[in-house]
Amino acid sequence: MANIDKLVQAVNEFKKSLNGQTISIHGKSYATVSLRVAVARRVLGSALDIVTKIVHIDKESVVTQTDIFIDDKHVSTGHAEENRKASRINMTSALENCETSSCGRALAFLGFISDGIASAEEVSTAIEQQDKKIQSALK
């Protein structure tokens with residue numbers, strides 16, 4: 001089966017799997033990265049290769065790049081950045097969050113999306129950061 005056929009099959013299966021599996025944020029439905037990976041892995045099996053690289057890491061931030069390959073052919077790239085001071089969880093898990101976000105974006109660019117490119121985790125983090133800025137400004 002050609003790469004494009006495998007990808008179309010995987011995206012179609014993902015779309016069928018969305019019922020009740022999304023998170024609603026501000027009226028939009030977002031699929032979790034774990035759902036995206038699970039469906040992609042189930043349909044594509046060992047033809048799917050997800051490779052994440054650390055682009056930058058220091059005491060303040062982490063940047064990762066995830067490349068996705070199907071049958072050794074590059075099909076997508078996703079990037080993410082996490083600030084360690086952005087949330088309590090990022091203080092200890094910024095690298096893990098960043099890897100999850102870049103993987104989710106790479107899968108979204110392939111068509112594993114429900115209502116937009118951003119993953120549920122990315123949207124939640126952005127809302128959290130925005131709320132903190134507003135609260136700080138009001139003090």
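Keep in mind the model is a prediction, meaning the values are calculated, not measured.
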With rounding to the nearest 0.5 Å, note down the distance linking [atom1] in [X] to [atom2] in [Y].
{"X": "Thr66", "Y": "Ile50", "atom1": "OG1", "atom2": "CD1", "value": "8.0 Å"}
{"X": "Arg84", "Y": "Ile89", "atom1": "CZ", "atom2": "CD1", "value": "13.0 Å"}
{"X": "Ile70", "Y": "Lys6", "atom1": "CD1", "atom2": "NZ", "value": "8.0 Å"}
{"X": "Ser93", "Y": "Arg88", "atom1": "OG", "atom2": "CZ", "value": "12.0 Å"}
{"X": "Ile68", "Y": "Leu110", "atom1": "CD1", "atom2": "CG", "value": "5.0 Å"}
{"X": "Gln9", "Y": "Leu44", "atom1": "CD", "atom2": "CG", "value": "7.5 Å"}

Looking at side-chain heavy atoms only, is the closest gap between [X] and [Y] below 4.5 Å?
{"X": "Lys73", "Y": "Leu7", "answer": "no"}
{"X": "His79", "Y": "Thr64", "answer": "no"}
{"X": "Cys103", "Y": "Val37", "answer": "yes"}
{"X": "Leu35", "Y": "Phe14", "answer": "yes"}

Residues passing the side chain to side chain contact (heavy atoms under 4.5 Å, CB included) test with Asp49, sequence neighbours excluded, are Val51, Phe69

Residues passing the side chain to side chain contact (heavy atoms under 4.5 Å, CB included) test with Ser61, sequence neighbours excluded, are His56, Asp58, Glu81

When every non-hydrogen atom of Val33 is compared with those of Gly104, the smallest separation belongs to CG2-CA, 3.6 Å

Minimal heavy-atom distance between Gly78 and Ala106, with the atoms involved, is N-CB, 3.5 Å

Please determine, by modelled atom types, if Asn90 and Asn83 share a side-chain donor-acceptor pair under 3.5 angstrom. no

Check: Hey, are Asp67 and Gln65 close enough side-chain-wise for a donor-acceptor pair under 3.5 Å?
Finding: yes

Q.
Between Glu13 and Arg42, does any side-chain N to carboxylate O distance fall below 4.0 Å?
A. yes

_Strictly distance-based, threshold 3.5 Å: is any side-chain N or O of Arg36 a donor or acceptor partner for the main-chain N or O of Leu107?_
no

Report task. Evaluate the side chain to side chain contact (heavy atoms under 4.5 Å, CB included) criterion for residues Val39 and Val11: first the C-alpha distance (whole Å), next the side-chain angles of each, then the deciding distance (0.1 Å), finally the verdict. Result -> CA-CA 8 Å; Val39 173; Val11 170; over 6 Å; no

Grouping ILVMFWY residues whenever side-chain heavy atoms fall under 4.5 Å, the cluster of Val55 otherwise contains Val63

